2 protein chains.
Amino acid sequence: MAEKGIVVPFEEVDLMTGDLKSVAFRQKNPMERVPVLELDDGTCISESVAICRYFEELQPEPALFGRGPIGRAMVEMWNRRLELGLFFHVAQHFRHLHPKMAHLEVPQVAEWGRANKPKALEMLVLLEERLGRSRFVAGDEYSIADITALVGIDFMKPARIERPPGLDHLARWYAEMVARPSATA
Amino acid sequence: MAEKGIVVPFEEVDLMTGDLKSVAFRQKNPMERVPVLELDDGTCISESVAICRYFEELQPEPALFGRGPIGRAMVEMWNRRLELGLFFHVAQHFRHLHPKMAHLEVPQVAEWGRANKPKALEMLVLLEERLGRSRFVAGDEYSIADITALVGIDFMKPARIERPPGLDHLARWYAEMVARPSATA
């Protein structure tokens with residue numbers, strides 16, 4: 001939204017209390033998760049990527065989902081690689097090992113939490129290779145795949161996964177990402 | 001592809017041997033996974049949904065990713081709910097508990113495998129609610145969300161998760177799905 005200059009009113013929901021399980025919230029999203037985008041006619045869109053895609057449809061520029069059939073396929077491919085190969089494993093590491101997650105992730109399985117760390121690090125190596133050949137994750141243009149990668153990498157800190165040294169292309173790209181106005185919006 | 005009448009030559013890759021880890025295959029997809037769509041110019045698209053989206057771009061009708069900004073957001077939302085809330089948990093149950101998966105899912109964590117069954121069944125209940133109000137998963141039109149749901153439900157059999165009785169709307173929808181020519185193509 002910051003990349004597109006889109007502003008909407010926000011309402012915070014406390015994940016740590018029972019707000020997500022309330023009848024009122026479940027009518028907005030039966031999956032009991034944030035974020036939810038509520039339109040003026042009451043339509044509720046949940047799933048972050050669905051919300052992003054809705055904004056892309058309303059305001060196509062700057063394009064964050066790629067251009068043309070191959071460009072859009074490449075963004076979808078890289079966004080999924082980063083989401084399923086990096087973000088997902090970092091999130092599982094966090095949810096299954098952090099004491100504060102015990103009431104949200106039931107049951108916490110520590111052994112599974114730990115098993116995700118090498119998988120996340122493996123994806124970082126693939127990302128390093130990719131960023132040695134490409135300015136952005138999905139190609140020559142900034143896209144949602146960069147956002148997903150950035151979120152995944154930043155999530156490593158609370159998830160207590162240290163970034164291995166020597167990933168120089170990743171470091172070059174990361175510096176470029178956090179320098180964008182959207183990163184601090 | 002069957003829904004759109006698209007036909008491409010297929011080449012099978014044996015998941016059980018080391019084919020996915022070969023240098024030749026890793027050049028097509030460094031994630032070492034199928035499917036991969038290889039274009040005439042050598043461009044390789046992996047991630048099933050990226051391949052589907054590419055075909056949608058080339059041949060928009062019948063639309064499998066929705067119509068209009070809200071329609072497309074709804075398909076993305078429901079496809080993700082079914083993928084992350086059903087298919088994913090069924091796959092984890094399979095991968096972490098089936099002896100034949102031991103060399104692909106390392107380490108297998110049986111406790112985590114078992115933890116996925118109630119999560120998958122919870123999603124089935126949400127799907128039942130949804131199909132009581134909607135002919136198809138994402139609304140009035142058949143979409144990729146129906147395909148993802150069908151694949152997730154069919155995957156329950158090898159994953160050894162029994163479909164609970166009394167899900168009548170789901171049964172109505174399932175009968176309609178498997179009667180489509182694409183289901184047996």
Side-chain angles (χ1 to χ4, degrees), chain A residues 26 29-33 36-37 39 41 43-59 65-66 68-81 83-85 88 92 96 105-116 118-119 122-123 125-127 129-130, chain B residues 26 29-33 36-37 39 41 43-59 65-66 68-81 83-85 88 92 96 105-116 118-119 122-123 125-127 129-130:
Chain A
R26 289 194 83 257
N29 183 9
M31 305 288 285
E32 303 173 1
R33 278 176 216 163
V36 174
L37 178 70
L39 306 185
D41 72 355
T43 302
C44 286
I45 305 172
S46 52
E47 295 298 328
S48 306
V49 177
I51 293 172
C52 293
R53 205 175 281 282
Y54 177 72
F55 286 127
E56 180 91 348
E57 291 274 341
L58 289 193
Q59 190 185 302
F65 284 87
I70 293 181
R72 278 191 273 272
M74 287 295 129
V75 169
E76 179 81 45
M77 178 180 83
W78 278 104
N79 193 47
R80 287 182 158 264
R81 284 177 172 176
E83 184 180 353
L84 302 172
F88 168 74
Q92 292 288 300
H96 284 274
E105 188 64 49
V106 182
Q108 279 189 315
V109 181
E111 188 189 353
W112 164 244
R114 285 188 295 270
N116 283 278
K119 294 177 203 288
E122 210 175 303
M123 185 66 220
V125 173
L126 287 182
L127 185 57
E129 278 174 31
R130 171 64 178 172
Chain B
R26 289 194 84 256
N29 183 9
M31 306 287 287
E32 302 173 2
R33 280 176 215 163
V36 173
L37 177 70
L39 306 185
D41 71 356
T43 302
C44 286
I45 305 172
S46 52
E47 296 297 328
S48 306
V49 176
I51 294 172
C52 293
R53 205 175 281 282
Y54 176 72
F55 285 127
E56 180 90 348
E57 292 274 339
L58 290 194
Q59 190 185 303
F65 284 87
I70 293 181
R72 278 192 273 270
M74 288 295 131
V75 169
E76 179 81 47
M77 176 179 83
W78 278 104
N79 194 47
R80 286 181 159 264
R81 284 178 172 174
E83 184 180 354
L84 303 172
F88 167 76
Q92 292 289 300
H96 285 273
E105 186 65 48
V106 181
Q108 279 189 316
V109 182
E111 189 190 354
W112 165 244
R114 286 189 295 271
N116 283 278
K119 295 177 204 286
E122 211 175 302
M123 186 65 220
V125 173
L126 288 182
L127 185 57
E129 278 173 32
R130 171 63 177 173

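Just so it is clear, the values below take in all heavy atoms, side chains as well, and ignore hydrogens, waters and symmetry mates. In what follows, every chain begins at residue 1, and chains take the letters A, B, ... in the order their sequences are listed. These numbers come from a predicted model, not from an experiment.
- For the pair Pro69(B) and Tyr54(A), the tightest heavy-atom approach, listed with the atom from each and the gap, is O-CD1, 3.6 Å.
- In this structure, no portion of Asn116(A) lies under 4.5 Å from any heavy atom of chain B.
- Salt-bridge annotation for Glu83(B) and Arg80(A): present, with a side-chain N of the basic residue lying under 4.0 Å from a carboxylate O of the acidic one.
- Contact record, Val49(A) with Glu76(B): CG1-OE2, 3.7 Å, taken as the closest heavy-atom pair.
- Applying the side chain to side chain contact (heavy atoms under 4.5 Å, CB included) rule to Pro107(B) yields the partners Ala115(A), Val109(B); only residues at least two apart in sequence or on another chain are considered.
- Ring geometry for Trp112(A) versus Trp112(B): interplanar angle under 30°, hence parallel rather than tilted (30 to 60°).
- Between the CD atom of Gln108(B) and the CD atom of Glu111(A) there is a distance of 10.5 Å, given to the nearest 0.5 Å.
- For Leu126(A), the part lying under 4.5 angstrom from a heavy atom of chain B is the side chain only.
- Between the CE atom of Met77(A) and the CZ atom of Arg53(B) there is a distance of 14.0 Å, given to the nearest 0.5 Å.
- Taking the side chain as every heavy atom from C-beta outward, Met31(A) and Leu84(B) never approach each other to under 4.5 Å.
- In this structure, chain A has a heavy atom under 4.5 Å from the side chain of Leu39(B), while its backbone stays farther away.
- Arg81(A) and Ser46(B) are linked by a side-chain donor-acceptor pair at a separation below 3.5 angstrom, with hydrogens and angles left out of the test.
- For a residue to count as touching a neighbouring chain, one of its non-hydrogen atoms must lie under 4.5 Å from one of that chain's; by this rule Phe88(A) touches chain B with the side chain only.
- In this structure, no portion of Ile51(A) lies under 4.5 Å from any heavy atom of chain B.
- Annotation: maximal heavy-atom pairing with chain A below 4.5 Å, among Glu56(B), Arg114(B), Glu129(B), His96(B), occurs at His96(B).
- Looking at Val106(A), only its backbone comes within 4.5 Å of chain B, counting heavy atoms on both sides.
- For the set Ile70(A), Leu58(A), Thr43(A), the entry with the most heavy-atom pairs within less than 4.5 Å of chain B is Ile70(A).
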